[in-house]
Amino acid sequence: MRITRLTRAELPVDTTELARFLIGKVVIRDLPEGRISGRIVETEAYLHGDAAAHSFIGETPRNRSLFGERGHAYVYVSYGIHRMLNVVGGSPGVGTGVLIRAAEPLEGIELMQARRGLSDVTDLARGPGKLAQAFEITLGLSDIDMTAEGPLWLGRIDRPAGEIGVSVRIGITKEADRPLRFYERGSKFVSGRKVLNI
DNA sequence: CGGCTGATGATCT
DNA sequence: GATCATCAGCCGG
């Protein structure tokens with residue numbers, strides 16, 4: 001499989017556009033055991049001045065990397081159990097990001113199955129917590145540059161994204177009506193309730 | 001399949 | 001001490 005690395009310059013500065021742009025792109029996790037990769041099929045944008053965004057309360061030790069450079073990773077722990085992978089958007093100091101919610105497994109499927117304790121390929125990375133478990137996303141990966149060579153990076157393959165659907169974001173209560181979730185229509189690898197995936 | 005709920009711990013006040 | 005950008009497991013239809 002031929003994967004070419006995304007450059008920072010080609011990532012849209014507008015974070016909503018970035019969330020849309022990342023659909024159909026590939027997230028790659030290089031481990032000593034081998035490569036895990038998946039095609040991104042679902043994202044959510046978290047914007048500046050957005051009460052649902054972690055950056056809304058200002059910079060803290062936890063969300064510091066969210067205020068970093070576009071294309072870097074922001075990883076945090078959700079509900080004490082799950083890690084969430086975000087791609088930092090915008091410009092340094094702003095605090096916007098794109099949550100990677102689901103991916104279609106491409107490479108390293110056996111590694112993912114082992115990490116997840118599950119064989120069903122459609123469920124390996126369908127949801128942000130599942131994706132992080134399958135891709136072995138750790139807090140130590142937070143702040144790394146995903147447009148540079150390293151253990152976690154972004155790429156493209158010769159397969160365009162399908163039609164992109166838009167819905168409200170999942171699992172939030174503040175600013176819950178904003179259409180900032182993007183997904184590939186018809187993909188079996190997208191999370192969320194059926195009504196959100198039309 | 002859809003709806004509900006407990007688990008679980010880092011983080012901030 | 002309250003709040004979570006979630007998930008697995010369980011239950012009813």
Side-chain angles (χ1 to χ4, degrees), chain A residues 14-23 27 38 40-68 70 72-90 94-105 112-143 146 152 165-184 186-198:
Chain A
D14 182 90
T15 301
T16 305
E17 281 181 38
L18 176 63
R20 207 181 257 279
F21 171 86
L22 288 175
I23 301 292
V27 57
I40 298 167
V41 294
E42 182 184 354
T43 62
E44 281 176 0
Y46 287 86
L47 309 178
H48 180 63
D50 174 0
H54 286 179
S55 54
F56 189 70
I57 57 173
E59 191 172 332
T60 68
R62 177 206 205 192
N63 66 24
R64 186 181 57 82
S65 48
L66 188 53
F67 290 85
R70 184 169 72 263
H72 282 222
Y74 166 50
V75 182
Y76 71 93
V77 179
S78 179
Y79 293 91
I81 309 167
H82 311 287
R83 278 162 293 279
M84 304 284 120
L85 172 63
N86 297 257
V87 178
V88 175
V94 178
T96 68
V98 175
L99 173 66
I100 309 299
R101 286 196 56 94
E104 170 180 346
M112 289 193 245
Q113 288 168 328
R115 288 282 299 159
R116 292 270 296 124
L118 187 78
S119 61
D120 181 3
V121 175
T122 62
D123 201 35
L124 289 179
R126 184 170 59 190
K130 297 175 183 179
L131 184 150
Q133 188 185 19
F135 280 72
E136 211 168 309
I137 302 298
T138 61
L139 285 178
L141 293 169
S142 200
D143 208 36
M146 295 179 74
L152 178 68
V166 184
S167 83
V168 297
R169 296 172 291 185
I170 293 177
I172 57 167
T173 53
K174 298 165 193 159
E175 313 228 16
D177 297 329
R178 303 180 71 174
L180 294 174
R181 171 176 174 267
F182 302 91
Y183 58 95
E184 182 174 56
S187 170
K188 298 173 298 196
F189 304 94
V190 169
S191 78
R193 303 197 318 284
K194 214 168 196 173
V195 293
L196 292 177
N197 296 328
I198 307 167

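Chain letters run A, B, ... following the sequence lines, proteins first, then strands; residues in each count from 1.
Within the 4.0 angstrom heavy-atom criterion, no nucleotide atom of any strand lies near A/R169. A/L99 comes within contact range of at least one nucleobase, with a heavy-atom separation under 4.0 Å.
Side-chain atoms of A/R83 do not come within 3.5 Å of backbone N or O of A/Y76 as any donor-acceptor pair. Side chain of A/N63 to main chain of A/H54: a donor-acceptor pair is present (N/O by atom type, distance under 3.5 Å, no hydrogens or angles). Between the A/D120 side chain and the A/T122 main chain, a donor and an acceptor come within less than 3.5 Å of each other.
For the segment residues 48-57 of chain A, the set of residues with a heavy atom within less than 4.0 Å of an atom of DNA chain B is empty. In the region residues 122-129 of chain A, proximity to DNA chain B at under 4.0 angstrom, judged on heavy atoms, holds for none of the residues. For DNA chain C, the neighbouring residues in residues 77-87 of chain A, judged by any heavy atom under 4.0 Å, are A/S78, A/Y79, A/H82, A/M84, A/N86.
For A/T43, there are no side-chain hydrogen bond (donor to acceptor under 3.5 Å, both in side chains) partners two or more places apart in sequence or in a different chain. Take A/D123 and apply the salt bridge (Lys or Arg N to Asp or Glu O under 4.0 Å) test, not counting sequence neighbours, and it matches A/R116, A/R126, A/K130. Considering only residues two or more places apart in sequence or on other chains, A/S55 meets the side-chain contact (heavy atoms from CB on, under 4.5 Å) condition with A/A53, A/L66, A/F67. With sequence neighbours left out, the side-chain contact (heavy atoms from CB on, under 4.5 Å) criterion links A/I81 to no other residue. Every side-chain contact (heavy atoms from CB on, under 4.5 Å) that A/S187 has, sequence neighbours left out, goes to A/V41, A/E184, A/F189, A/V190.
Considering only side-chain N and O atoms, A/K130 lies under 4.0 angstrom from the phosphate OP1 or OP2 of C/dA8.
On the nucleic acid side, DNA chain B contacts chain A at distances under 4.0 Å to non-hydrogen atoms, with the end points of that region at B/dG2 to B/dC12.
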List the atom pairs, donor and acceptor, that lie under 3.5 Å between side-chain atoms in residues 170-182 of chain A and the rest of the protein, sequence neighbours left out.
| residue | atom | partner | partner atom | Å |
| --- | --- | --- | --- | --- |
| A/E175 | OE1 | A/R178 | NH1 | 2.9 |
| A/E175 | OE2 | A/A51 | N | 2.8 |
| A/R181 | NE | A/E42 | OE2 | 2.9 |
| A/R181 | NH1 | A/S167 | OG | 2.9 |
| A/R181 | NH1 | A/L196 | O | 3.3 |
| A/R181 | NH1 | A/N197 | OD1 | 3.1 |
| A/R181 | NH2 | A/E42 | OE2 | 3.1 |
| A/R181 | NH2 | A/S191 | O | 2.9 |
| A/R181 | NH2 | A/N197 | OD1 | 2.7 |

- Item | Dot-bracket encoding per residue of DNA chain B, Watson-Crick/G-U cut-off under 3.5 Å, | denoting interstrand | |||||||.||||.

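Cation-pi contact between A/R169 and A/Y46: present, with separation from the ring centre below 6.0 Å and deviation from the ring axis of at most 45°.
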Using a cutoff of under 3.5 Å, can you pull out all pairs of nitrogen or oxygen atoms linking the protein to nucleotides 10-12 of chain C, with atom names and distances?
none

